[in-house]
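Letters A, B, ... are given to chains in the order of the sequence lines, protein chains preceding strands, and every chain is numbered from 1. On a predicted model such as this, the values are computed, not experimentally measured, just so you know.
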Protein chains: 2
Amino acid sequence: MAYDTAIAALADPTRRALVERLRAGPQPVGVLADDLPISRPAVSQHLKVLSDAGLLEVEPQGARRLYRLAPRGLDELRAYLDGLWDDALSSFAARAREVAKGS
Amino acid sequence: MAYDTAIAALADPTRRALVERLRAGPQPVGVLADDLPISRPAVSQHLKVLSDAGLLEVEPQGARRLYRLAPRGLDELRAYLDGLWDDALSSFAARAREVAKGS
DNA sequence: ACTTACGGTAAGTCATGGCTTACGACACTG
DNA sequence: CAGTGTCGTAAGCCATGACTTACCGTAAGT
């Protein structure tokens with residue numbers, strides 16, 4: 001049950017916006033804060049949440065800190081959703097059979 | 001960008017608990033409320049959020065309403081995370097190559 | 001028709017969390 | 001060793017949303 005922190009982290013639109021910026025590659029905090037309508041400390045707080053969820057990794061480069069996407073946290077979340085997906089499909093198929101029989 | 005409602009819905013622990021109950025099969029509201037530490041109206045509100053996100057479907061059966069897992073909302077969410085996963089892997093691989101070269 | 005059961009909606013309360021400003025720690029440059 | 005730039009943390013404010021109780025509509029039973 002470690003996917004809970006990951007999904008909670010990705011539930012926030014601002015944090016998803018940060019993740020979107022990082023899809024192109026690693027970036028420092030200041031650059032991320034520049035094209036977002038919030039302050040730099042707010043960005044730092046969001047980055048901490050994403051890092052704690054295993055979704056980001058940090059690489060200090062001098063005074064700056066490069067954040068990059070990390071597969072770790074995403075892996076658990078995807079595994080959980082895959083399981084859900086299977087059960088949802090089963091439920092859908094069962095319902096389809098009932099309807100086909102004339103309910 | 002329709003996965004946002006789905007991920008927001010699944011971010012709540014109580015709603016995930018409801019989804020877990022429904023993995024075994026369709027159930028009416030009262031049964032779901034009985035083995036959860038919250039009131040029945042609260043369950044109704046959560047079920048509405050999950051339904052609006054395309055994660056659940058309703059099937060009225062007389063006075064009762066059966067809720068079941070729906071693949072629809074889950075599909076978009078999985079697709080989004082799959083894309084993220086690819087980019088995270090790329091970033092990870094790029095970083096691994098740099099480290100192998102001696103940073 | 002009256003009663004009982006099931007469930008959605010309304011209104012109000014309260015905690016969570018996202019944002020701000022202010023401050024401190026650390027690395028580079030002159 | 002100042003001075004500057006980058007970033008994390010602390011404290012406080014405020015909106016969002018997850019609950020509650022109260023109420024209403026609807027379906028089935030007697």
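Taking 4.0 angstrom as the limit, B/S39 places a side-chain polar atom (N or O) nearer than this to OP1 or OP2 of D/dT20. Between B/Y67 and the phosphate of C/dG8, there is a side-chain N or O to OP1/OP2 separation shorter than 4.0 Å. For B/H46 and D/dC19, the shortest distance from a side-chain N or O to OP1 or OP2 is below 4.0 Å. When the side-chain nitrogen and oxygen atoms of A/R65 are compared with OP1 and OP2 of D/dG8, one or more of them lie within a distance under 4.0 Å.
Across B/Q27 and B/L22, no two heavy atoms sit closer than the pair N-CD2, 3.8 Å. Among all heavy-atom pairs drawn from A/R16 and B/I7, the shortest one is NH1-CG2, 3.4 Å. Across all non-hydrogen atoms, the minimal contact from B/S51 to B/Y67 is OG-CE2, 3.6 Å. For the residue pair B/A53 and B/A9, the shortest heavy atom distance occurs at CB-CB, 4.0 Å.
What separates CG of B/L18 from C1' of D/dC19 is a distance of 14 Å, to the nearest Å. A straight line from CG of B/L47 to C1' of D/dA18 spans 14 Å, rounded to a whole angstrom. Between A/D52 atom CG and C/dG18 atom P there is a gap of 13 Å when expressed in whole angstrom units. Rounded to an integer number of Å, the gap from A/Q45 CD to C/dG18 C1' is 8 Å. Summarising the geometry, the separation between CG on A/L36 and C1' on D/dC7 is reported as 16 Å, rounded to the nearest angstrom. Taking atom CD1 on B/I38 and atom P on D/dT20, their separation rounds to 6 Å, with Å as the unit. Rounded to whole Å, the distance from CG on A/L10 to P on C/dG18 is 12 Å.
Each of D/dT6, C/dG8, D/dT20 was ranked by its minimum atom distance to the side chain of B/V29; first place goes to C/dG8. Nearest to the side chain of A/R64, among D/dT6, D/dT9, C/dG18, sits D/dT6. The nucleotide whose nearest atom lies closest to any side-chain atom of B/D12 is, among D/dA18, C/dC6, C/dC19, D/dA18. With C/dG7, D/dA22, D/dT9 as the candidates, the nucleotide lying closest to the side chain of A/P41 is D/dT9. Side-chain atoms of B/T14 lie closest to D/dC19 of the nucleotides D/dC19, C/dC19, D/dA27. With D/dA18, C/dG18, C/dG7 as the candidates, the nucleotide lying closest to the side chain of B/P28 is C/dG7. Considering only side-chain atoms of A/R40, the nucleotide from D/dC7, C/dG18, D/dC19 that sits closest is D/dC7. Checking D/dC19, D/dT6, C/dC19 against the side-chain heavy atoms of B/A42 singles out D/dC19 as nearest.
Side-chain contact check for B/L10 versus A/L81: some heavy-atom pair is nearer than 4.5 Å. In this structure the side chain of B/R40 reaches within 4.5 angstrom of the side chain of B/S44, judged on heavy atoms.
When each of B/A63 and A/R15 is assigned the nucleotide of DNA chain C bearing its nearest heavy atom, the one mapping closer to the 5' terminus is B/A63. Two residues, B/K48 and A/G62, neighbour DNA chain C, and the one matched to the more 5' nucleotide by heavy-atom proximity is B/K48.
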